[in-house]
Chemist: 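Quick one: the structure is below, and I'll ask about it shortly.
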Amino acid sequence: MKRTNYCGALRNSDAGRNVVIMGWVARRRDLGNLLFLDIRDRAGIVQVVFNRETQPEAHAKAEQARSEFVVAVEGKVILRGKSNPELATGEIEVLATRLHILNNAKTPPFQIEDDINAAEETRLRYRYLDLRRPKPHANLALRHKILLEIRKTMDEMGFLEVETPMLTRSTPEGARDYLVPSRVHHGQFYALPQSPQIFKQILMIGGLDRYFQIVKCFRDEDLRADRQPEFTQLDVEMSFPRQEDIFAVIESVMVRACAVAGVKADTPFPHMLYKDAIRKYGSDKPDMRFGMELHEVTDAFPAEAKEKLQIVGNVFAFAAPGGATYSRKQLDELTEKAKAVGARGAYFVKLAPEGITSTVEKLIGADNVKKLTAACGAKTGDLVVAVSAKDEIKGTEAAALVAGQLRLQLGEALNLVDKSKWKFLWLTGFPLFEWSENDKTWVSAQHPFTGIVDEDLEKLETAPWEVRSKGYDLVLNGVELGSGSIRIHRQDIQERLFKALGLSEEQIRRRFGFFVDALTYGTPPHGGIALGLDRVVMLLAGEKSIREVIAFGKTTAAVDLMAESPSTVDKEQLDQLGIAIKEK
RNA sequence: GGGGACGUAGUUCAGUUGGUUAGAACGCUGCCCUGUCACGGCAGAGGUCGCUAGUUCGAGUCUCGUCGUCCCCGCCA
């Protein structure tokens with residue numbers, strides 16, 4: 001028997017046709033001599049009718065059918081007397097003449113419906129059942145369409161998709177590597193790529209000119225809602241680019257990817273300097289869908305108050321519209337949250353219609369309370385939130401970062417985030433180095449091939465913290481989609497940077513030997529970017545976790561509950577690799 | 001590595017101050033039902049209260065530990 005139609009795709013126009021549909025039993029409604037089966041396939045659900053009087057054989061078989069049985073139905077599409085507006089196929093039904101039960105099924109651990117709220121643990125363990133639900137299915141379909149559109153767009157712009165090795169070399173920088181032991185070379189390991197960074201730069205040296213790849217990357221770090229140990233990037237590199245050329249390419253790709261999801265993205269994407277993002281939004285990935293800009297208000301705290309409140313460094317504040325209704329208890333909770341994200345203290349001014357009250361008026365005086373509210377442009381009904389940081393962090397505004405976190409929380413809590421907006425943003429002007437509290441030294445803020453702003457080159461040796469990189473980040477609605485840079489293509493500058501990072505000749509050879517060699521054979525100016533596609537699809541699908549747009553996601557402990565990986569392996573396998581397990 | 005939330009029937013949850021036989025809904029099983037569509041009606045089955053140790057006359061409930069899931073900080077050049 002050959003399937004003639006997707007059952008979920010049948011419509012009025014099919015009325016009168018004899019069809020064969022195949023799918024799963026979504027629901028059975030047995031009225032005795034009349035029995036209905038809702039049959040589900042990729043396209044949706046259709047109602048099938050079995051009549052004992054006219055088709056006793058088919059009816060008898062339908063009585064055996066249970067949830068998630070796999071069936072084939074032969075029948076005639078007919079218009080219904082009374083339609084069901086809830087279903088896309090609601091105006092027709094299939095009058096069954098024959099039913100084949102192709103396979104039976106155990107009762108599923110949860111019902112295959114969109115509005116069922118099974119625990120994520122159960123959904124991941126039985127992912128094949130979860131995927132039968134329309135929503136996960138639609139998310140994967142959207143992912144496919146977005147990736148397809150990206151490939152088309154990149155191809156049209158002259159980019160070649162080139163595959164790079166999955167078994168490559170470990171680099172000590174950056175994230176922890178996933179290691180793969182070599183059988184042929186005992187005691188040696190491949191690493192799965194954290195990104196194809198070096199390979200794509202070598203492709204530019206190789207004259208490919210325009211490269212892209214939709215590629216899996218691997219990082220052995222702790223997980224989050226938007227971080228999985230393996231994730232998919234759109235990796236791009238081009239030769240002889242100006243920064244604006246790369247931006248234009250990515251804007252074209254993103255506009256078309258968004259269009260696939262019915263989202264209109266405006267170009268060009270606005271730009272913002274890193275330092276402005278920190279000072280105005282307290283974040284290196286500001287969510288621009290709402291206001292509540294930060295203001296530095298250190299002046300409103302006299303020396304005496306600072307001492308009492310143990311304020312170190314600056315104080316940052318913002319006005320939260322509608323926050324004046326917050327109760328004492330809510331403010332206490334807010335203070336707790338602030339402390340949890342690194343605040344020394346949080347200070348509030350309520351601009352209620354019946355008067356202005358503040359938790360710090362006694363300490364700073366009425367004039368300074370006014371100064372505070374004026375600085376934030378607060379209006380009646382607002383809550384002014386000011387915070388100081390627990391510790392000073394070299395080279396950044398620690399208080400602004402704390403205020404930025406509260407801004408996000410309050411923006412969400414006070415319903416100020418306009419979910420219909422799609423706010424892309426380019427961030428530029430990143431510092432080349434950042435202070436490492438662990439190592440007590442300046443370390444590369446991005447990978448060590450990131451270009452250096454020309455006028456800052458001379459400060460490389462004298463004032464490294466002032467050196468800006470040619471790096472940039474793409475942000476959408478407060479989510480970092482990716483980052484890239486114009487690279488260093490001259491070996492003399494590369495050497496100066498390595499030196500500034502305190503790397504010895506020997507360390508450079510050991511870590512980047514082959515790449516440093518390649519740089520000396522006529523490297524063109526080049527640059528690129530990598531975007532996290534799981535996050536792109538997540539946002540466009542309206543999901544809060546990238547697990548919702550990944551077919552087989554892992555838990556926060558990096559476990560695949562369905563495949564039960566990772567797992568132990570046979571001793572023989574370990575012996576071949578020359579590996580012994582050390583007991584903990 | 002640290003903080004928080006959660007873990008009770010197949011599923012989602014309720015469970016009082018520690019007290020008799022641990023409940024509900026959905027799902028499941030059987031029977032009845034010719035226009036249902038979250039069908040309806042009747043009857044029924046289904047529990048290692050994550051695991052472990054302890055406190056107690058008595059633990060789903062309290063305590064220690066442990067395992068698992070989620071969120072956050074650190075981490076993610």
Side-chain angles (χ1 to χ4, degrees), chain A residues 26-39 45-54 59 63 66-68 78 80-87 89-90 93 95 106-126 129 171-177 194-195 197-198 217-229 231 336-337 339-343 390 401-402 405 408-409 430 432-434 436-439 442-450 469 471 480 483 485 497 501 511-512 530 532 544-545 547 553-557 559 561:
Chain A
R27 189 163 251 122
R28 185 179 63 130
R29 288 179 296 279
D30 186 354
L31 277 65
N33 290 327
L34 200 61
L35 190 152
F36 299 92
L37 292 183
D38 288 346
I39 306 300
I45 282 177
V46 76
Q47 172 168 285
V48 180
V49 202
F50 295 87
N51 190 317
R52 178 174 280 160
E53 236 168 55
T54 57
H59 182 274
E63 282 187 316
R66 291 294 181 272
S67 278
E68 302 312 312
I78 55 171
R80 293 207 207 177
K82 200 172 90 191
S83 64
N84 179 358
E86 301 290 314
L87 283 180
T89 58
E93 64 189 356
L95 181 59
K106 291 210 290 194
T107 301
F110 54 90
Q111 285 163 263
I112 316 293
E113 287 172 7
D114 242 354
D115 51 356
I116 221 74
N117 56 335
E120 195 170 0
E121 195 176 344
T122 318
R123 293 178 50 208
L124 286 176
R125 181 158 282 133
Y126 299 94
L129 298 178
T171 53
E173 282 75 21
R176 261 186 298 273
D177 286 316
Q194 297 176 25
S195 83
Q197 185 61 39
I198 286 176
C217 301
F218 306 86
R219 294 179 190 174
D220 188 3
E221 296 292 344
D222 288 344
L223 275 46
R224 288 283 192 284
D226 61 354
R227 279 169 22 192
Q228 285 271 300
F231 58 99
E336 281 311 302
K337 279 180 187 169
K339 286 184 175 165
V341 292
K390 204 174 292 171
L401 296 178
V402 174
Q405 303 248 30
L408 287 178
Q409 285 186 8
F430 288 93
L432 190 68
F433 299 99
E434 64 188 9
S436 166
E437 204 51 46
N438 282 344
D439 308 336
W442 294 96
V443 298
S444 196
Q446 290 127 52
H447 61 73
F449 316 114
T450 304
S469 81
E480 186 197 318
S483 64
S485 63
L497 175 62
L501 285 169
R511 297 181 190 181
F512 312 112
K544 288 209 162 63
S545 161
R547 284 187 301 272
K554 293 183 175 63
T555 69
T556 48
V559 168
L561 291 173

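Nothing here was measured: the structure is a model prediction, and the numbers come from that model. In what follows, chains are A, B, ... by sequence order, proteins preceding strands, each numbered from 1.
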Chemist: Applying side-chain hydrogen bond (donor to acceptor under 3.5 Å, both in side chains), name anything that partners A:Asp38, two or more places apart in sequence or on another chain.
Modeler: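 A:Asp38: side-chain hydrogen bond (donor to acceptor under 3.5 Å, both in side chains) contacts with A:Arg29.
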
Chemist: Would you say the ring centers of A:Phe512 and A:Phe449 fall short of 6.0 Å from each other?
Modeler: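 Between A:Phe512 and A:Phe449, the centre distance is under 6.0 Å.
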
Chemist: On a whole-Å scale, what distance lies between the C1' atoms belonging to B:rA5 and B:rG10?
Modeler: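 About 25 Å, rounded to a whole number of Å.
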
Chemist: When you compare B:rG41 with B:rG35, how far apart are their P atoms, in angstrom units rounded to a whole number?
Modeler: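 Nearest-Å result for B:rG41 against B:rG35 at atom P: 16 Å.
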
Chemist: Considering residues at least two apart in sequence or located in another chain, which fulfil the ring-ring contact (aromatic ring centres under 6.0 Å, His included) criterion with A:His59?
Modeler: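 By the ring-ring contact (aromatic ring centres under 6.0 Å, His included) rule, A:His59 matches no residue at all.
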
Chemist: Among B:rC28, B:rC71, B:rC76, which is the nearest nucleotide to the side chain of A:Ser67?
Modeler: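 In terms of side-chain proximity for A:Ser67, the closest of B:rC28, B:rC71, B:rC76 is B:rC28.
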
Chemist: Any strand is fair game: report the nucleotide pairing with B:rG74 by Watson-Crick or G-U wobble, both distances under 3.5 Å, or none.
Modeler: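 With both distances under 3.5 Å required, B:rG74 matches none.
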
Chemist: Which nucleotide sits closest to the side chain of A:Glu121: B:rU69, B:rA77, B:rC71?
Modeler: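 Nucleotide nearest to A:Glu121's side chain: B:rU69.
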
Chemist: In whole angstroms, how far is the C1' atom of B:rC26 from the CD atom of A:Glu113?
Modeler: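 Rounding to the nearest Å, CD of A:Glu113 and C1' of B:rC26 are 9 Å apart.
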
Chemist: If we take the P atom in both B:rG7 and B:rU61, what is their distance in whole Å?
Modeler: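 Approximately 12 Å lies between the P atom of B:rG7 and that of B:rU61.
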
Chemist: Looking at A:Arg224, I'd like to know whether one of its side-chain N or O atoms comes within less than 4.0 Å of OP1 or OP2 on B:rC70.
Modeler: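 False: A:Arg224 side-chain N/O out of range (4.0 Å or more) of B:rC70 OP1/OP2.
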
Chemist: Take the protein atom CG of A:Leu223 and the nucleotide atom P of B:rG2, then report the distance between them rounded to whole Å.
Modeler: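 These atoms are roughly 18 Å apart.
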
Chemist: When rounded to the nearest Å, what value does the distance between C1' atoms of B:rA38 and B:rA22 take?
Modeler: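 It comes out at 28 Å once rounded to the nearest Å.
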
Chemist: Taking donor-acceptor contacts at under 3.5 Å, does the side chain of A:Arg227 reach the base of B:rC76?
Modeler: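 For A:Arg227, whose side chain was compared with the base of B:rC76, there is a donor-acceptor pair (under 3.5 Å).
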
Chemist: Can you tell me how far OG1 of A:Thr171 sits from NE2 of A:His447, rounded to the nearest 0.5 angstrom?
Modeler: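 OG1 of A:Thr171 is found 11.5 Å from NE2 of A:His447.
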
Chemist: Using a distance-only test with no angle check, is there a side-chain donor-acceptor pair under 3.5 angstrom linking A:Asp177 and A:Gln194?
Modeler: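 On atom types as modelled, these side chains qualify, holding a pair under 3.5 Å.
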
Chemist: So which nucleotide does B:rC26 pair with, by the Watson-Crick or G-U wobble rule with both distances under 3.5 Å?
Modeler: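 Its partner is B:rG10.
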
Chemist: Among B:rG27, B:rC70, B:rU12, which nucleotide sits nearest the side chain of A:Thr122?
Modeler: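 That would be B:rU12.
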
Chemist: Report the distance from atom CD of A:Gln228 to atom P of B:rC71, rounded to the nearest whole Å.
Modeler: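 Those two atoms, CD and P, are 9 Å apart.
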
Chemist: Is any side-chain N of the basic residue among A:Arg27 and A:Glu113 closer than 4.0 Å to the acidic one's carboxylate O?
Modeler: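 Yes, A:Arg27 and A:Glu113 are salt-bridged.
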
Chemist: Using the P atom as the point on both nucleotides, what is the distance between B:rG44 and B:rU63, in whole Å?
Modeler: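 Between the two P atoms, the distance is 40 Å.
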
Chemist: Measure CZ/A:Phe512 against C1'/B:rA77 and give the value in whole Å, please.
Modeler: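 In whole Å, B:rA77 C1' lies 9 Å from A:Phe512 CZ.
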
Chemist: Is there a donor in the side chain of A:Ser469 and an acceptor in the side chain of A:Gln446, or the other way round, less than 3.5 Å apart?
Modeler: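 A:Gln446 and A:Ser469 do have a side-chain donor-acceptor pair below 3.5 Å.
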
Chemist: Using atom CZ of A:Phe110 as one end and atom C1' of B:rA25 as the other, report the distance to the nearest whole Å.
Modeler: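 Atom CZ in A:Phe110 sits about 19 Å away from atom C1' in B:rA25.
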
Chemist: Please determine if a side-chain N or O atom of A:Thr107 lies less than 4.0 Å away from the OP1 or OP2 oxygen of B:rG27.
Modeler: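 The answer is no; no side-chain N or O of A:Thr107 sits under 4.0 Å from OP1 or OP2.
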
Chemist: Give one of base, sugar-phosphate or nothing for A:Pro448, where a contact means two heavy atoms less than 4.0 Å apart.
Modeler: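 Contact class for A:Pro448: base.
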
Chemist: Could you encode protein contacts along nucleotides 30-37 of chain B as a string, one character per nucleotide from 5' to 3', using B for base contact, S for sugar-phosphate-only contact and - for no contact, with a heavy-atom cut-off of under 4.0 Å?
Modeler: S--BBBBB

Chemist: With both distances under 3.5 angstrom, what nucleotide forms a Watson-Crick or G-U wobble pair with B:rG35?
Modeler: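 None - no nucleotide pairs with B:rG35, as no candidate has both distances under 3.5 Å.
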
Chemist: Mind checking the C1' distance from B:rC39 to B:rC49? Whole angstroms is fine.
Modeler: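 Their C1' atoms lie roughly 34 Å apart.
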
Chemist: How far, in whole Å, is B:rA24 from B:rA45 if one measures between their P atoms?
Modeler: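 Taking atom P in both B:rA45 and B:rA24, they lie 12 Å apart.
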
Chemist: Work out how far the P atom of B:rG58 is from that of B:rU20, and round it to whole angstrom.
Modeler: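 Rounded to whole Å, the distance is 15 Å.
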
Chemist: Whole angstroms only, please: what is the CD1-C1' distance between A:Ile112 and B:rU11?
Modeler: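 Rounded to the whole Å, the gap is 11 Å.
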
Chemist: Rounded to whole Å, please give me the gap between NZ in A:Lys337 and P in B:rC72.
Modeler: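 The answer, rounded to whole Å, is 13 Å.
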
